[in-house]
Amino acid sequence: MYWNEKYECMPREQLEELQLERLKATVERAYHNVPHYRRLMQEKGIEPSDIQSLEDLRKLPFTTKNDLRENYPYGMFAVPLSEVVRIHSSSGTTGKPTVVGYTRNDLNVWAELMARSLTCGGATKNDVIHNAYGYGLFTGGLGVHYGAERIGASVIPISGGNTKRQVMIMKDYGSTILTCTPSYALYLAEVMEEMGVRPEDLKLKCGIFGAEPWSENMRKEIEKKLPLIALDIYGLSEIIGPGVAMECPEKNGLHIFEDHFIPEIIDPVTEEPLPYGQFGELVFTTITKEALPMIRYRTRDISALYKEPCSCGRTLVRMARVSGRTDDMLIIRGVNVFPSQIESVLLEIGETEPHYQLIVQREGSLDTLEVQVEVSERLFSDKVRRLEELENKIRAEIESTLGITVKVTLVEPKTIQRSEGKAKRVIDKRRI
Amino acid sequence: MKVKQISVFLENKSGRLAAVTRVLGEEDINIRALSIADTSDFGILRLIVNQPEKAYRALKDHGFTVSMTDVIAVEMPDQPGGLAEVMAVMEEHNLNIEYLYAFIGKVPNGALVIFRVENIDEALKILEEKGITVLSGEKVYSL
Ligand SMILES: [Zn+2]
């Protein structure tokens, strides 16, 4: 099912023509209206007229979150504030927040992309969309909301929190589509079980989950606990919000809405573009955004691109589910550690999604890494020896994967904090 | 002739054992015997109670990691050499004991030992053949 067949299934040649035309216009606008872009392009000796093919994209400089911070709050806007009709912002937990603005047309495009995404998950005007993404400065809530309204579906703007009430509403109002973070979906399932609400009493058919990386195992677990097919949606406020890419029911990567964004994968260290199929850092160039055009924005998300056509009929390039962040990386005793590496070890041992937390501490001048893992009923044994074997097995596997020593501690279930937004996997207690 | 034992995973931090006993108390469950095996960061509490199914459900509902396993309750004379006789039989037949714990009193002969063995059916057969008194679950729960 498509929302906009013309663009979602456009022949590649035609799509690329459209992209080039839109890219040229974007570069032109960015050069003339955003001093930051003009300065960077001049430093590289590039003029807008140098962009004559899609390959010429590579000549352009990268943009990072840092550029947005340095130009805080409105310095990267390409239109006067009078034309900006909405402002969103990141939380700014790791520095100055990044501010993003939308013109009326930007909001229009965003609603269109969310309508496409929801339709991709099977939503029609007859659906009841239970939107548990946060409303506010975060783009998730309002992004889904306007997309749902565009389709004509009934949207329940419940936002995050108050989980017991969410379960009650889901049951009583007959929600058919759930939109939230995947970890919140699991939490909803847990609370449902505690409340004695049976999944078969719900009308859910599809869950559209995003805003944090998640795994295939997590999908299986959600689908086992909730009566729905779980699909991945991708987006980030700097590019537009949710709806940059959406997984179709083929569950074979997320279709990037390329008539609005041009994706690239680069090696995060050398910054060189990587071929299709190779994992690296995802980079986007917006080609229709008016208020905040982004040129080669480095997302820090790790993914890969696939060009082979999808059996759903969409001709758009697909991206692999985001498998981690280039800046999630911890450096422990000089070793690069990605939480996703530890997660995959735990997944192999436990088969289902583990709840775990990494605690980094500094004792004297030595960094220590403790991996706390919740003991599930499946892993539990009444024999001390078995549990010690389990601890040792986890420890040995992690040590052989990472090449550093770690301490593994088994903890009681539900003692690791459940988040209603992104799962917090790392507690860094180092004082440097 | 098997006895149901409840095992609970406990982190080594204050209040966890109290939490378990509170849940059992509230549910009106009586503890017949208990033992704790602990390491530096966790412990396993093992319980024989009057209503194992109910205890299992209650603890699970309160978020504990619980398992229910079959163990053997052996009655023996409360006198020197009482346990030795049973152990000799176990050893002679290569019955691998994972762990055991004892409780005294309330049975005619005086002492009761709970055994967790690898092959419970084989162990039961041998113990009975050797004339050792094995108590049924019902009997143990109602002691
Ligand atoms: Zn598809």
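If you're wondering where the values come from, they're calculated on a predicted model, not measured in any experiment.
- Chain A forms more heavy-atom pairs under 4.5 Å with one residue of B:Arg16, B:Gln5, B:Lys13, B:Arg46 than with any other, namely B:Arg16.
- Contacts of B:Phe9 with chain A are made by both backbone and side-chain atoms, with heavy-atom separations under 4.5 Å.
- With a 4.5 Å cut-off on side-chain heavy atoms, B:Leu100 and B:Met90 do not count as touching.
- In this structure, chain A has no heavy atom under 4.5 Å from any part of B:Ile6.
- A salt bridge links A:Arg219 to A:Glu216: one of the charged nitrogens lies within less than 4.0 Å of a carboxylate oxygen.
- For chain A, the nearby part of B:Glu98 is the side chain; its heavy atoms alone come within less than 4.5 Å.
- A salt bridge is absent between A:Glu194 and A:Lys164: the closest approach of a Lys/Arg side-chain nitrogen to an acidic carboxylate oxygen does not fall below 4.0 angstrom.
- In terms of heavy-atom pairs under 4.5 Å with chain B, the best-connected choice from A:Thr409, A:Leu410, A:Leu379, A:Val411 is A:Val411.
- With salt bridges taken as basic N to acidic carboxylate O contacts below 4.0 Å, none links B:Lys125 and B:Asp121.
- Between A:Arg395 and A:Glu391 there is no salt bridge, since no side-chain nitrogen of the basic residue lies less than 4.0 Å from a carboxylate oxygen of the acidic one.
- Heavy-atom distances place the side chain of B:Thr69, and not its backbone, under 4.5 Å from chain A.
- Between B:Glu27 and B:Lys54, the closest side-chain pair of non-hydrogen atoms falls below 4.5 Å.
- Of all the listed residues (B:Val8, B:Asp61, B:Asp38), the one sharing the greatest number of non-hydrogen pairs under 4.5 Å with chain A is B:Val8.
- Proximity to chain B is absent for every atom of A:Glu374, based on heavy atoms less than 4.5 angstrom apart.
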